[in-house]
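Lettering follows sequence order; numbering is per chain, from 1.
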There are 2 protein chains.
Amino acid sequence: MSRPTIAGVAREAGVSVASVSRVLNGLPATDEMIERVQRAVDELGYVPDARARSLNGMARGYADGLVISPLRVDEDLIKSIRECEVPVVVAGSVPAKAGVDTVRANSPKGMLLAVEHLVSRGRRRIAFLNGPADTVPGEARAKGFADALRAHDLQPAAIAEAADFTFAAGRATAPTLLGKQRIDAVIGANDLLAVGLMHELAAAGLQVPGDVAVVGMDDSELAEQCFPPLTSVNLGSAERGRRAAELLLARIEDNSRAPRRIVVQPSLSVRKSTP
Amino acid sequence: MSRPTIAGVAREAGVSVASVSRVLNGLPATDEMIERVQRAVDELGYVPDARARSLNGMARGYADGLVISPLRVDEDLIKSIRECEVPVVVAGSVPAKAGVDTVRANSPKGMLLAVEHLVSRGRRRIAFLNGPADTVPGEARAKGFADALRAHDLQPAAIAEAADFTFAAGRATAPTLLGKQRIDAVIGANDLLAVGLMHELAAAGLQVPGDVAVVGMDDSELAEQCFPPLTSVNLGSAERGRRAAELLLARIEDNSRAPRRIVVQPSLSVRKSTP
DNA sequence: GTGAAAGCGCTAACAA
DNA sequence: TTGTTAGCGCTTTCAC
């Protein structure tokens with residue numbers, strides 16, 4: 001009643017299990033052998049057991065390699081990566097001396113794009129709605145915002161820190177920003193925060209982009225679907241994923257190659273939330 | 001250099017592999033045995049190999065049971081379910097005679113809730129923006145819409161069929177609906193279609209809900225996040241998932257119990273897109 | 001309560 | 001080219 005095994009196929013075909021295994025793995029065999037095995041396999045509806053198959057040969061475990069995107073990078077992590085049985089590619093920031101393939105975004109540059117855009121549209125009183133500043137993205141974006149404003153000789157109009165990177169937190173924290181001195185633009189640390197803020201702007205009777213321009217970050221589907229559609233910084237997440245996969249494949253192919261460090265450049269998707 | 005095995009642990013602890021296996025699986029053993037094995041495990045940083053572990057004992061494969069949500073149900077499917085080595089619960093509609101545990105939504109009832117709500121708000125010229133009608137949800141919702149209107153002695157104001165259940169398709173198809181005779185309400189077959197439509201309404205200078213009320217289906221996060229927030233039929237997807245899991249667990253526990261057929265009732269999340 | 005040994009389904013030497 | 005056989009890491013009788 002249970003699934004047929006390779007032994008059953010061998011019996012049915014009147015050959016050895018080794019021959020069945022060979023045919024199944026495309027190793028050299030006579031046409032007649034292939035024919036007989038194939039017939040038995042079809043007959044029995046045989047499907048190889050992936051567990052048993054992966055049990056042999058040290059290299060072939062569950063995964064042949066790993067792409068990880070750590071929230072926190074410390075010595076322990078780097079040590080683990082070095083000791084890992086399979087190649088590891090890091091999507092995120094890791095010191096060059098770790099000697100590991102990495103792909104990362106350039107969020108300071110992204111912030112700069114957002115600020116430049118707002119400035120070019122005549123906005124000067126720019127606020128920032130961040131998520132928790134003690135997270136990797138929170139910290140990077142806070143710094144990026146400060147640097148970008150400085151590059152334009154501007155002072156932050158206001159800065160608020162939401163409890164997390166969610167729509168609800170964005171709504172809850174937005175009033176902090178609006179209560180302060182007049183602002184004419186807000187950058188959200190991600191699209192969810194930005195959209196949460198837009199709801200509060202509407203509730204306060206403020207027009208987007210007329211009274212306040214809004215820029216998000218991530219260029220998610222929500223940015224396209226919300227109303228008005230949200231101008232958003234595209235940090236290249238899709239491309240980062242693709243590049244990480246490429247690096248990993250290349251390293252699995254040849255583990256001796258020198259580590260590469262790729263930085264994916266951001267772009268700005270301009271929509272109706274900015275003038 | 002490779003991972004320690006149970007044999008290594010046994011050697012380190014000075015006991016047999018069988019004893020290590022027993023301790024690891026919480027089978028009876030003396031305190032001293034447990035102590036020694038535990039120490040060796042910690043020492044070596046041993047982690048059991050799940051592949052090898054699952055190789056024994058027929059019942060324990062990759063999965064102990066399945067919840068499936070088929071797009072199409074035919075004889076072949078039912079046959080496969082019957083022949084499956086592990087219990088199967090179907091999230092969706094299957095004939096009672098199949099004798100399988102099922103959980104399903106009540107989308108006709110959901111349509112009724114939407115129509116009732118719109119009627120109670122004084123709307124009479126109700127249109128329907130469907131996805132492809134040759135899909136299970138598309139067909140069910142089309143029928144549900146027709147029945148719900150009939151129950152209220154109304155004629156459909158207009159019906160359109162988008163190429164798929166996406167935001168883009170919603171936008172693309174919306175003009176078909178708006179070009180027709182005046183409508184004062186639209187029901188979208190899901191939230192994405194409804195939100196796509198809302199964008200076109202805005203583009204056409206129509207107010208929501210002032211000129212046209214809009215109701216979506218799925219009660220997704222988007223319904224809450226879009227603007228104005230979208231009234232949406234909640235078909236209980238979360239609860240259906242929970243109930244399906246419960247049924248499966250119960251059946252794994254006792255495979256002799258009679259099949260159960262659960263129907264999760266819908267509710268309406270009323271938001272600003274309806275008056 | 002513990003250890004020795006026989007598998008689980010498959011692959012990979014090694015011989016023939 | 002093929003068959004025989006020894007494992008892969010673990011669980012599970014079955015004696016002790």
Side-chain angles (χ1 to χ4, degrees), chain A residues 1-65 83-86 252, chain B residues 1-65 83-86 252:
Chain A
M1 197 57 263
S2 63
R3 281 168 44 168
T5 73
I6 199 173
V9 176
R11 201 177 314 120
E12 173 82 16
V15 302
S16 74
V17 292
S19 296
V20 176
S21 174
R22 271 188 229 103
V23 171
L24 259 31
N25 292 308
L27 296 175
T30 57
D31 284 357
E32 198 213 324
M33 175 64 81
I34 296 177
E35 161 76 19
R36 297 176 65 164
V37 170
Q38 202 52 259
R39 188 188 306 282
V41 164
D42 294 345
E43 193 72 36
L44 272 45
Y46 167 78
V47 178
D49 183 320
R51 301 166 294 176
R53 178 182 284 223
S54 73
L55 199 50
N56 292 1
M58 289 288 28
R60 273 162 302 157
Y62 282 126
D64 295 326
E83 289 171 352
C84 189
E85 304 165 39
V86 294
I252 289 173
Chain B
M1 196 59 261
S2 63
R3 280 168 45 167
T5 75
I6 198 173
V9 175
R11 202 177 314 119
E12 172 82 15
V15 301
S16 73
V17 293
S19 297
V20 175
S21 175
R22 271 189 230 104
V23 171
L24 260 31
N25 292 309
L27 296 175
T30 56
D31 283 359
E32 198 214 322
M33 174 66 79
I34 296 177
E35 160 77 18
R36 295 176 66 163
V37 171
Q38 201 52 257
R39 190 189 305 282
V41 165
D42 293 344
E43 193 73 35
L44 274 45
Y46 168 77
V47 179
D49 183 319
R51 299 166 296 176
R53 180 183 284 224
S54 72
L55 198 50
N56 292 0
M58 290 286 29
R60 272 160 304 157
Y62 282 126
D64 295 326
E83 288 172 352
C84 189
E85 304 165 39
V86 293
I252 288 173

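- As rounded to whole Å, 8 Å separates atom C1' of D/dG7 from atom CG of A/Asn56.
- Defining each end axis of the helix from C/dG1-D/dC16 to C/dA16-D/dT1 as the rotation carrying four pairs' C1' atoms onto the next four, with five pairs an end, the two axes are found to diverge by 40° to 10 degrees.
- Here B/Ser19 reaches the OP1 or OP2 of C/dG3: one of its side-chain N or O atoms lies under 4.0 Å away.
- Between A/Glu12 and A/Ala40, the closest heavy-atom pair is CG-CB, 3.5 Å.
- Here the C1' atom of nucleotide D/dG7 and the CZ atom of B/Arg51 are 14 Å apart, to the nearest Å.
- Between B/Arg22 and B/Pro28, the shortest heavy-atom distance links the atoms CD-O, 4.4 Å.
- Of the residues in residues 31-46 of chain A, those placing a heavy atom less than 4.0 Å from an atom of DNA chain D are A/Met33, in numerical order.
- Two residues are said to be in side-chain contact when any heavy atoms from C-beta on lie closer than 4.5 Å; B/Ile6 and B/Ser21 meet this criterion.
- Put simply, B/Arg53 has no side-chain N or O that comes within less than 4.0 Å of OP1 or OP2 on D/dG9.
- Taking 4.0 angstrom as the limit, B/Thr5 places none of its side-chain polar atoms (N or O) nearer than this to OP1 or OP2 of D/dG9.
- B/Arg36 places a side-chain N or O within donor-acceptor distance of the main-chain N or O of B/Ala13, the cut-off being under 3.5 Å.
- Considering A/Val41, A/Thr30, A/Val37 in turn, A/Val37 is the only one that fulfils the side chain to side chain contact (heavy atoms under 4.5 Å, CB included) rule with A/Val23.
- Straight-line distance from the CD1 atom of A/Ile6 to the P atom of D/dT4: 14 Å, rounded to whole Å.
- Rounding to the nearest 0.5 Å places CD of A/Gln38 at 12.0 Å from CG of A/Asp31.
- Sorted by residue number, the members of residues 20-30 of chain A with any non-hydrogen atom under 4.0 Å from DNA chain D read A/Arg22, A/Ala29, A/Thr30.
- Using a 4.0 Å cut-off between a side-chain N of Lys or Arg and a carboxylate O of Asp or Glu, B/Glu43 and B/Arg39 do not qualify as a salt bridge.
- In plain terms, the two heavy atoms of A/Ala7 and A/Val17 that are nearest each other are CA-CG1, 3.8 Å.
- Side chain of A/Asp49 to main chain of A/Arg51: a donor-acceptor pair is present (N/O by atom type, distance under 3.5 Å, no hydrogens or angles).
- Atoms CG (B/Asp49) and C1' (C/dG9) sit 14 Å apart, rounded to a whole Å.
- Dense packing is recorded around CG of A/Asp42, with more than 12 heavy atoms of other residues, nucleotides or ligands lying under 6.0 Å away.
- Contact detail for A/Thr5 and A/Tyr46: the closest heavy-atom pair is C-CE1, 3.5 Å.
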